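Take a look at the structure set out below.
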Amino acid sequence: MAKKEMEVVKGLDVERYMGRWYEIASFPSRFQPKNGVDTRATYTLNPDGTVHVLNETWTDGKRGFIEGTAYKADPKSDEAKLKVRFYVPPFLPIIPVTGDYWVLYIDHEYQYALIGQPSRRYLWILSRTPRLDEEIYNQLLEKAKEEGYDVSKLHRTSHSDTPPESEDTPKDTKGIWWIKSIFGK
């Protein structure tokens with residue numbers, strides 16, 4: 001049986017979506033270190049209407065990060081179907097990698113969101129705060145199930161009581177986390 005096409009948010013207010021989002025849970029991915037903590041994304045609107053993306057995670061006390069650009073997949077559509085382009089490896093960004101970023105759900109206050117993509121291989125639960133009420137988390141799980149996701153694959157992301165600031169921690173300047181991620185470490 002073919003899976004139904006996912007429903008995505010229509011009329012996303014991109015300006016309200018900007019800012020910092022904490023990863024509450026995600027499907028494990030070769031693009032992120034397995035033992036990353038305090039994982040978050042910060043979105044900033046560019047003058048040309050695209051979005052600057054800064055993804056950060058901490059592994060063994062060191063900050064790993066990658067920057068990219070998001071843009072509407074179809075500029076004429078009101079659906080929240082975006083494309084995100086990163087250049088890899090992060091320490092020598094020369095190879096473009098583009099992926100889908102679909103906003104499947106966002107609350108009216110823009111405080112938590114469910115993000116996926118058409119193959120259903122990736123899923124993220126994001127929140128404006130490092131912790132999300134369990135009832136809300138479970139509601140997002142149900143929404144993901146309705147869209148055909150196997151939520152048993154979700155991995156909860158650990159967050160410290162005081163999330164680090166980017167400037168306060170050593171950086172992974174060699175991109176070791178990215179190299180390890182290629183090999184599934």
Side-chain angles (χ1 to χ4, degrees), residues 3-45 51-59 63-68 70-73 77-84 86 99-166 169:
K3 292 183 180 175
K4 70 175 182 101
E5 180 159 340
M6 286 189 277
E7 291 185 32
V8 299
V9 170
K10 289 184 172 53
L12 181 73
D13 184 337
V14 175
E15 288 187 21
R16 285 185 70 196
Y17 196 77
M18 296 300 97
R20 180 165 288 166
W21 291 89
Y22 293 89
E23 180 186 278
I24 302 302
S26 68
F27 279 4
S29 150
R30 63 185 178 141
F31 302 112
Q32 289 181 253
K34 286 185 178 179
N35 59 344
V37 298
D38 293 314
T39 304
R40 63 194 185 197
T42 305
Y43 304 120
T44 310
L45 194 58
V51 176
H52 176 261
V53 177
L54 171 63
N55 288 344
E56 302 171 284
T57 192
W58 277 258
T59 307
R63 175 181 174 250
F65 68 96
I66 191 165
E67 295 180 90
Y71 53 93
K72 288 195 75 166
S77 173
D78 71 337
E79 293 183 314
K81 292 181 179 179
L82 305 175
K83 294 280 188 186
V84 181
F86 295 101
D100 292 298
Y101 182 107
W102 290 11
V103 182
L104 304 177
Y105 177 81
I106 190 159
D107 72 299
H108 294 296
E109 301 299 319
Y110 281 59
Q111 295 301 300
Y112 48 89
L114 183 66
I115 309 300
Q117 47 84 260
S119 73
R120 295 175 175 82
R121 283 191 302 237
Y122 302 104
L123 182 69
W124 293 269
I125 293 177
L126 303 179
S127 173
R128 294 290 190 175
T129 59
R131 290 175 184 54
L132 186 63
D133 179 80
E134 201 63 23
E135 185 178 329
I136 293 170
Y137 180 80
N138 289 328
Q139 289 170 3
L140 293 172
L141 289 183
E142 287 305 312
K143 289 187 182 306
K145 286 181 195 175
E146 290 169 12
E147 295 300 339
Y149 280 93
D150 175 2
V151 296
S152 69
K153 296 178 187 175
L154 271 174
H155 168 77
R156 299 283 286 257
T157 305
S158 296
H159 288 276
S160 55
D161 289 334
T162 309
E165 286 304 319
S166 303
T169 55

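One is the number of the first residue; the rest follow in order along the sequence. Not measured: the values here are computed from a predicted model.
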Would you check if [X] and [Y] make a side-chain contact, meaning some heavy-atom pair closer than 4.5 Å?
X: K83; Y: D100; answer: yes
X: I125; Y: L114; answer: yes
X: E56; Y: R20; answer: yes
X: F27; Y: Y149; answer: yes
X: Y112; Y: Y137; answer: no

Let me confirm one number: the [atom1]-[atom2] distance from [X] to [Y], rounded to the nearest 0.5 Å.
X: Y43; Y: M18; atom1: OH; atom2: CE; answer: 8.5 Å
X: D38; Y: R63; atom1: CG; atom2: CZ; answer: 12.5 Å
X: D161; Y: R131; atom1: CG; atom2: CZ; answer: 5.0 Å
X: E67; Y: T42; atom1: CD; atom2: OG1; answer: 10.0 Å
X: N55; Y: I66; atom1: CG; atom2: CD1; answer: 7.5 Å
X: D150; Y: R121; atom1: CG; atom2: CZ; answer: 14.5 Å

Would you name the heavy atoms of [X] and [Y] that are closest together and state the gap between them?
X: M6; Y: P118; result: CE-CA, 3.2 Å
X: L132; Y: S127; result: CD1-OG, 3.9 Å
X: A113; Y: L140; result: O-CD1, 4.4 Å
X: V103; Y: I106; result: CG1-CB, 4.3 Å
X: Y110; Y: G11; result: OH-O, 4.3 Å
X: E23; Y: L126; result: CA-CD2, 3.8 Å

- Query: Does CD in E15 sit with more than 12 non-hydrogen atoms of other residues, nucleotides or ligands closer than 6.0 Å?
  - Reply: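 Atom CD in E15 is not packed in, count stays at 12 or less.
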- Heavy atoms of other groups near Q111 CD, more than 12 under 6.0 Å: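 Yes, the 6.0 Å shell around CD holds more than 12 heavy atoms from other groups.
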- Message: Just to verify, which of I24, T39, T57 counts as forming a side chain to side chain contact (heavy atoms under 4.5 Å, CB included) with T157?
- Response: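 That would be T39.
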- Is there a donor-acceptor pair under 3.5 Å between the side chain of K81 and the backbone N or O of V8?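 No; zero donor-acceptor contacts below 3.5 Å.
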- Verdict with supporting geometry, E79 and V9, side chain to side chain contact (heavy atoms under 4.5 Å, CB included): CA-CA 6 Å; E79 293 183 314; V9 170; over 6 Å; no
- Task: Give me the ring orientation class for H159 and Y22: parallel if the planes are under 30° apart, tilted from 30 to 60°, perpendicular past 60°.
- Result: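 Because their plane-to-plane angle is over 60°, the rings of H159 and Y22 count as perpendicular.
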- Message: Over 60° means perpendicular and under 30° means parallel, so tell me whether Y17 and Y101 are parallel, tilted or perpendicular.
- Response: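 Y17 and Y101: perpendicular rings.
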- Evaluate the criterion salt bridge (Lys or Arg N to Asp or Glu O under 4.0 Å) for residue pair K143 and E146; output intermediate values, then yes/no. CA-CA 5 Å; K143 289 187 182 306; E146 290 169 12; 5.4 Å; no
- Is there a side chain to side chain contact (heavy atoms under 4.5 Å, CB included) between L45 and V51 once you walk through the steps? CA-CA 5 Å; L45 194 58; V51 176; 4.2 Å; yes
